[in-house]
Amino acid sequence: LGDVYKRQAWIAEDNYSLNIVKKTMNKNNPIYRRYSFVQHGALFKVLPLKKGKGQAPLKENSPLSNINKYGGYDKPTSSYFSYVEFEGKKGKKSRQLVPIDSYLRKEYEGNPIQYLTERLGLVNPKILIPIVKYNACIEIDEASTRRVLPTLKPDYMVLTNIFRDQLDRYGEIDITIDILSKSIKMAPNMTLVINGDDPLSLFLAKKSGNKFITYGISEKVFDADENSEIREGRFCEMCGTKMHYNYYHYSQLGDYECPNCGFKRPEIDYPATNIECGDHLAFTVQGKNIHAKYKGFYNIYNILAVYAVASHSGVDMRGFQSMLDNFNPENGRIEHFNIKGTIVELNLAKNPAGFNQNINAVMADTKDKDVIILINDRDQDGNDVSWLWDVDFDRFKDTSIKSITVSGIRCQDMRLRLKYVDIPSTLEPNIETAIRNKIETGTKNLYVLVNYTGLYSTRNILKRMEGEK
């Protein structure tokens with residue numbers, strides 16, 4: 001029987017092969033359609049062309065290298081791409097994905113800078129990412145959309161919100177809106193899937209002229225004090241009048257209306273009701289009860305956004321709840337670790353609205369807890385950390401917070417911010433040392449909140465510590 005199993009591609013008995021497929025698909029991986037890969041095989045896409053035609057010679061360093069006499073190959077295949085920065089006209093910095101042709105791959109890998117300067121004529125090239133594979137999933141930020149959308153022309157763009165982020169990169173939020181507005185106009189056939197609870201996203205969608213659909217939370221969830229949080233969209237983007245809100249969810253998200261020009265929250269295409277949040281999340285949309293085992297009110301918006309774009313684009317939604325049941329957050333987004341009996345939750349917090357939502361999630365846990373806050377100021381974070389003064393850190397005065405440790409490059413700034421709301425903190429610039437100290441002496445309930453460049457390094461430390469005996 002063992003020999004038979006080795007030869008068969010599919011084994012029906014006792015659902016043997018089917019169970020293997022189910023086990024593989026239920027692993028905590030992103031749902032994907034294509035693997036990323038480096039291209040191997042044929043060096044060119046067509047047969048040799050007649051004399052005088054072709055991009056590459058039939059053979060390098062031989063009589064056959066004369067394309068005018070013997071012809072050559074056309075349409076060389078590329079193994080992968082390299083992301084390169086170089087000087088363009090008048091010394092202006094440019095960045096580009098450069099295809100690395102398969103037949104020249106060894107030359108490139110032997111001396112990449114020489115290849116880029118001599119083969120491609122790039123001036124002062126600097127390799128930012130050596131290998132970008134085919135079908136790679138590339139994360140970009142708002143400022144990059146103006147370079148990507150004209151070429152990519154997506155079918156859909158999802159807008160979850162527009163918050164202030166990286167002040168030294170974007171300036172104030174009006175600049176971000178302007179960048180996105182210009183980018184969206186470069187893809188006029190793209191459908192926007194927007195958070196209708198965000199007046200800034202709605203304004204952007206209306207201004208663009210693109211078709212859009214909306215999702216949102218269509219009931220009051222919190223008794224929020226109007227003055228308790230920094231709110232970006234206090235004034236109407238259409239006429240400048242102060243907006244009226246029937247209720248807030250957080251930041252500028254809620255049920256809004258301009259008393260002057262009538263700009264208001266639209267009729268929502270995918271409304272969420274019957275909201276539950278705390279140690280789990282649940283809501284109803286289109287008559288379906290959706291629930292998830294992780295925390296954070298903002299994740300209702302994230303799940304709802306996925307539901308809206310998937311449903312609108314024709315995806316079979318029968319497996320949506322099963323997908324949520326089998327999904328465990330990773331990559332530092334509400335990711336959990338168990339280290340020597342201490343439960344550690346790692347999460348990203350990189351702007352005032354996001355940080356306030358993290359604080360809400362921490363405070364929803366009524367058990368005693370320790371908190372570590374890591375703040376860096378590298379390029380991806382933004383060098384300006386003045387946004388820390390717009391975060392409601394005074395909520396950490398709660399008696400369930402037994403200790404706060406500040407870490408990272410700007411730990412002194414974070415310590416000063418806490419001092420101004422009379423919250424004592426321990427200074428430990430090294431994040432691993434800070435974590436180990438709390439594993440040994442803490443409450444066994446630890447929250448680690450980090451901004452962007454601290455996320456993956458901290459996650460790697462926690463994964464390694466979790467594997468230690």
Are any of the side-chain nitrogens in [X] or [Y] under 4.0 Å away from the carboxylate oxygens of its partner?
X: R436; Y: E440; answer: no
X: D370; Y: K402; answer: no
X: R95; Y: E85; answer: yes
X: R464; Y: E432; answer: yes
X: D413; Y: R417; answer: no
X: K295; Y: E345; answer: yes

Between [atom1] of [X] and [atom2] of [Y], what distance do you get to the nearest 0.5 Å?
X: F297; Y: H249; atom1: CZ; atom2: NE2; result: 5.0 Å
X: F337; Y: I439; atom1: CZ; atom2: CD1; result: 11.0 Å
X: N376; Y: N383; atom1: CG; atom2: CG; result: 11.0 Å

Less than 3.5 Å apart, any donor N or O on the side chain of [X] or [Y] sitting next to an acceptor on the other?
X: T443; Y: N445; answer: no
X: Y307; Y: Q286; answer: yes
X: D368; Y: S400; answer: no
X: Q252; Y: D198; answer: yes

Show the nearest heavy-atom pair for residues [X] and [Y], with the distance to one decimal.
X: F283; Y: A272; answer: CD1-CB, 3.7 Å
X: V406; Y: C411; answer: CG2-O, 3.6 Å
X: A282; Y: I300; answer: O-CD1, 4.5 Å

Taking everything shown except K211 itself, do over 12 heavy atoms lie less than 6.0 Å from its NZ?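 No, not enclosed.
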Under 30°, 30 to 60°, or over 60°: which ring-plane class applies to [X] and [Y], parallel, tilted or perpendicular?
X: F163; Y: Y250; result: tilted
X: Y245; Y: Y256; result: tilted
X: F263; Y: F203; result: perpendicular

Side-chain atoms of residues 189-196: list all donor-acceptor pairs with protein atoms under 3.5 Å, sequence neighbours left out, distances to 0.1 Å.
from: N195; atom 1: OD1; to: D197; atom 2: N; distance (Å): 2.9
from: N195; atom 1: ND2; to: T160; atom 2: O; distance (Å): 3.0

Are the aromatic ring centres of Y134 and F81 under 6.0 angstrom apart?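 Centroid distance Y134-F81: below 6.0 Å, so yes.
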